[in-house]
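Single-structure report; data block below.
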Amino acid sequence: MIGVTWGTLLLSFLLPHGIKGKLRSKDGETGPTVTIPDKPNIVLLVADDMGWGDLCSYGHPTQECGEIDKMAAEGMRFTQWYSADSLCSPSRAALLTGRLPVRVGVWGGERVFANDGSGGLPKNETTIAEALKDAGYATGMVGKWHLGINEFLPGDGRHLPHHHGFDFVGTNLPFTNHWACDESKVHMAHPNPMKCFLYWNTTLVQQPFRHDNLTASFLQDSIAFIHNNKDRPFFLYFSFAHMHTDMFSAPRFRETSRRGRYGDGLRELDWAVGEVLKTLVSLQIQHRTLMIFLSDHGGHLEICTEGGSNGILKGGKASTWDGGLRVPAIAWWPGVVAPGQVSQHLVSSMDVFQTAAELAGATPPKDRIYDGKSLVPILLQKTSAVPTGKPTPSLRTLFHYCSDRLMAVRQGEYKAHFYSMELPTNYSEHCPGGVPKVEYFTSFDCYGPHITRHDPPLLFNIARDPGELYPLSVEEYDDIITEILAAKAQHQAHLMPGKAQCKETSTTLQPCCNPPFCYCNYKPDGNR
């Protein structure tokens with residue numbers, strides 16, 4: 001148990017200060033009073049490209065159980081947590097702003113920000129960090145950013161995290177870990193420095209970057225931030241490079257998983273999560289810290305054993321099938337979130353913004369539409385770890401986009417596809433022995449030839465058919481389709497897309513530490 005005893009959990013109910021909430025059982029009876037500390041710390045851990053079925057606690061048959069699974073046992077595991085997009089940049093923009101990527105403007109072009117692009121998360125958008133900073137929080141970020149780098153000049157860094165409310169920015173990947181960063185020589189002879197660069201705060205310190213100590217560097221900076229701010233409320237955004245291709249792990253984790261290279265990398269990620277948890281417990285601040293672990297979107301099926309598992313879900317990364325959007329997510333907060341819970345509520349990554357704002361007592365700008373809802377009422381509920389009966393259907397409606405095209409709508413138990421993407425089929429051609437020869441997507445272009453239009457929409461009951469295998473009869477479910485069409489029309493009537501930032505490209509903005517060679521290995525100035 002990650003250093004948290006049952007006695008500690010019981011004692012945490014006696015916290016003297018905070019906001020009181022009621023735990024309610026499924027029959028509506030009021031349970032014990034739980035005290036929510038004023039301005040709790042919030043730690044947000046985000047895995048990259050981890051599939052819904054990748055973790056032991058989500059049913060993977062060979063992935064070793066570890067710290068993330070213990071976190072689930074001590075907190076709340078979500079079974080219907082959806083990302084706002086199935087690619088990195090738009091999903092992260094939505095996570096940090098609580099708004100659909102199409103509203104924010106993170107769409108168009110290649111759907112993600114390029115290493116040499118001029119676009120980025122618009123500065124008029126308010127992030128979790130900015131909202132909480134105004135409420136008196138220390139704010140920190142380490143790891144993958146992928147929300148823009150430079151705007152006008154190479155090295156101006158006008159889209160980097162410190163422009164979006166983060167006071168402390170440690171070791172970070174302003175772009176991403178990339179297939180072209182492979183150091184193992186499995187896929188290429190050497191990394192491409194133009195795709196593979198590492199920053200500390202705003203300074204480019206390694207190009208191409210090394211993987212051996214990458215996660216350890218992220219972790220070191222995260223722990224330092226926690227220690228430095230343990231006596232005040234803080235928000236930490238720790239965004240992993242795992243499990244995005246290329247596969248990597250530190251030497252101590254290599255060949256330790258039955259699952260191969262992917263499992264090795266997941267074990268390193270899992271170790272880092274455990275170290276963060278241990279730090280909170282050792283500082284005795286776990287009772288006033290909400291920690292959320294989730295993936296940015298689903299696993300990348302086309303790269304086979306290096307792309308993760310989405311379990312029984314159809315499709316994967318880049319698609320609007322559930323395998324691309326439904327992600328593992330866990331909330332941990334000893335003394336507030338009861339242990340051993342499984343939530344079947346329909347929720348979204350965009351809900352993190354409203355949750356953080358409510359807990360922090362922050363007041364986000366009121367001149368815009370937010371697509372997320374606070375998770376606080378759900379976190380205070382006491383649910384069974386094993387479903388014992390049919391849950392009350394959620395009335396939530398989620399809108400699934402590919403760039404600026406509305407592809408599908410999830411309403412309650414039903415999901416209607418107005419457009420769908422072709423699925424990968426010929427794995428053997430591209431992945432002999434399960435090892436991918438190339439990085440590719442079966443469907444990526446939201447308006448390309450691999451998109452199929454459905455009129456009337458393709459309808460599934462996700463509760464009964466989570467794999468989206470059996471379309472329902474249009475005639476029999478005409479009333480459901482009518483309701484979804486009405487919700488879709490109302491949504492689109494009030495939607496004002498932001499300017500497409502992912503279209504903004506330039507060949508002159510490539511980060512380069514030592515022009516024209518772009519090779520370096522510097523140590524950052526200052527204390528870490």
Side-chain angles (χ1 to χ4, degrees), residues 42-46 48 81-108 111-113 119-135 137 139-141 143-149 151 158-167 169 172 174 235-239 292 294-297 325 327 329 347-360 362-376 396 398-401 403-404 406 491 494-502 504:
I42 298 172
V43 178
L44 180 58
L45 306 180
V46 178
D48 197 0
W81 186 299
Y82 283 78
S83 174
D85 200 277
S86 58
L87 286 177
C88 300
S89 296
S91 68
R92 292 159 189 271
L95 170 67
L96 291 178
T97 65
R99 287 158 47 83
L100 283 165
V102 68
R103 294 192 201 276
V104 174
V106 183
W107 61 278
R111 298 175 58 189
V112 296
F113 293 116
L121 180 64
K123 296 180 184 63
N124 62 347
E125 291 293 332
T126 299
T127 66
I128 298 173
E130 289 170 311
L132 269 58
K133 183 177 178 178
D134 288 344
Y137 277 63
T139 57
M141 183 269 169
K144 174 173 172 173
W145 178 240
H146 208 179
L147 288 172
I149 308 173
E151 187 173 9
R158 286 176 55 87
H159 293 305
L160 292 176
H162 70 285
H163 287 295
H164 294 281
F166 291 100
D167 294 322
V169 182
N172 68 95
F235 167 59
L236 172 63
Y237 175 43
F238 184 168
S239 177
I292 297 175
L294 71 151
S295 179
D296 61 346
H297 51 70
L325 296 165
V327 297
V347 300
S348 166
S349 294
M350 295 181 289
D351 298 341
V352 175
F353 181 95
Q354 295 291 357
T355 304
E358 179 178 343
L359 291 171
T363 305
K366 298 180 179 179
D367 61 347
R368 62 201 63 184
I369 293 174
Y370 294 96
D371 298 288
K373 299 180 178 181
S374 175
L375 296 173
V376 171
R396 186 80 181 268
L398 298 177
F399 300 95
H400 301 313
Y401 279 83
S403 197
D404 64 335
L406 181 56
H491 165 75
H494 295 89
L495 178 73
M496 183 176 295
K499 180 184 176 183
Q501 293 295 312
C502 297
E504 305 298 323

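FYI, the numbering just counts along the sequence from 1.
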- Would you sort out whether His146 and Val112 count as a side chain to side chain contact (heavy atoms under 4.5 Å, CB included), showing the intermediate values? CA-CA 8 Å; His146 208 179; Val112 296; 4.1 Å; yes
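- With Thr139 contributing its side chain and Gly165 its backbone, the two residues share a donor-acceptor pair below 3.5 Å.
- In this structure, Leu359 and Val376 have side chains that are in contact, with non-hydrogen atoms separated by less than 4.5 Å.
- For Phe353, the ring-ring contact (aromatic ring centres under 6.0 Å, His included) test picks out Tyr370, with sequence neighbours left out.
- For the atom pair Phe113 CZ and Leu147 CG, the distance stands at 6.0 Å (nearest 0.5 Å).
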- Message: If you apply the rule side chain to side chain contact (heavy atoms under 4.5 Å, CB included), what do you find for Ile128 with Phe235, and how did you get there?
- Response: CA-CA 8 Å; Ile128 298 173; Phe235 167 59; 3.7 Å; yes
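- Contact of the Thr363 side chain with the Asp134 side chain is not registered, since no non-hydrogen atoms from C-beta on lie closer than 4.5 Å.
- Checked against side-chain contact (heavy atoms from CB on, under 4.5 Å), Asp371 has the following partners two or more places apart in sequence or in another chain: Arg99, Leu100, Arg103, Met350, Ile369.
- Here the SG atom belonging to Cys502 is positioned 9.5 Å from the CZ atom belonging to Arg111, to the nearest 0.5 angstrom.
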- Going through the checks in order, is the side chain to side chain contact (heavy atoms under 4.5 Å, CB included) test met by Leu45 and Leu236? CA-CA 8 Å; Leu45 306 180; Leu236 172 63; 5.6 Å; no
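- Remark: side-chain polar atoms of Thr355 are paired, donor with acceptor, to backbone N or O of Leu375 under 3.5 angstrom.
- The shortest distance between side-chain heavy atoms of Thr126 and Pro364 does not fall below 4.5 Å.
- Across all non-hydrogen atoms, the minimal contact from Leu132 to Ala360 is CG-CB, 3.9 Å.
- With sequence neighbours excluded, the residues that form a side-chain contact (heavy atoms from CB on, under 4.5 Å) with Val327 are Trp81, Ser83, Ser295.
- Rounded to the nearest 0.5 angstrom, Asn172 CG and His162 NE2 are separated by 10.5 Å.
- In this structure, CG in Leu95 is found 5.0 Å from CG in Leu44, a value given to the nearest 0.5 Å.
- Atom CH2 of Trp145 sits about 6.0 Å away from atom CG of Leu96, to the nearest 0.5 Å.
- The OG atom of Ser91 lies 4.0 Å from the CG atom of Asp296; values are rounded to the nearest 0.5 Å.
- Counting only heavy atoms from C-beta outward, the side chains of His297 and Leu325 never approach each other to under 4.5 Å.
- Not counting sequence neighbours, the partners of Tyr82 by the ring-ring contact (aromatic ring centres under 6.0 Å, His included) test are His400.
- In this structure Pro122 satisfies the side-chain contact (heavy atoms from CB on, under 4.5 Å) test together with Val104, Asn124, Glu125, Gln501, sequence neighbours excluded.
- Thr127 is linked by a side chain to side chain donor-acceptor pair (under 3.5 Å) to Glu130, counting only residues two or more places apart in sequence or in another chain.
- Applying the ring-ring contact (aromatic ring centres under 6.0 Å, His included) rule to His159 yields no partners; only residues at least two apart in sequence or on another chain are considered.
- Counting all heavy atoms, side chain and backbone alike, Leu294 lies closest to Ser349 at CD1-OG, 3.3 Å.
- Taking the salt bridge (Lys or Arg N to Asp or Glu O under 4.0 Å) definition, one finds that Asp48 meets it with Arg92, Lys144, sequence neighbours left out.
- Across all non-hydrogen atoms, the minimal contact from Ala131 to Ala362 is O-CB, 3.6 Å.
- Listed by chain and number, the residues in a side-chain contact (heavy atoms from CB on, under 4.5 Å) with Asp404 are Val102, Trp107, Tyr447 (sequence neighbours excluded).
- Remark: Lys499 pairs with no residue by the side chain to side chain donor-acceptor pair (under 3.5 Å) rule, at least two apart or across chains.
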- Message: Show, in sequence, the C-alpha distance, side-chain angles and deciding distance for Ile292 and Val43, and conclude whether the side chain to side chain contact (heavy atoms under 4.5 Å, CB included) test is met.
- Response: CA-CA 6 Å; Ile292 297 175; Val43 178; over 6 Å; no
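- Nearest heavy-atom pair, Gly372 versus Gln354, reported as atom, atom and distance to 0.1 Å: O-CG, 3.4 Å.
- Every residue two or more places apart in sequence or in another chain was checked for a side chain to side chain donor-acceptor pair (under 3.5 Å) with Lys373, and none qualifies.
- Looking only at distances, a side-chain donor or acceptor of Asp351 sits under 3.5 Å from a matching main-chain atom of Ser348.
- Tyr401 meets the ring-ring contact (aromatic ring centres under 6.0 Å, His included) test with His491; sequence neighbours excluded.
- Contact of the Tyr237 side chain with the Val46 side chain is registered, since non-hydrogen atoms from C-beta on lie closer than 4.5 Å.
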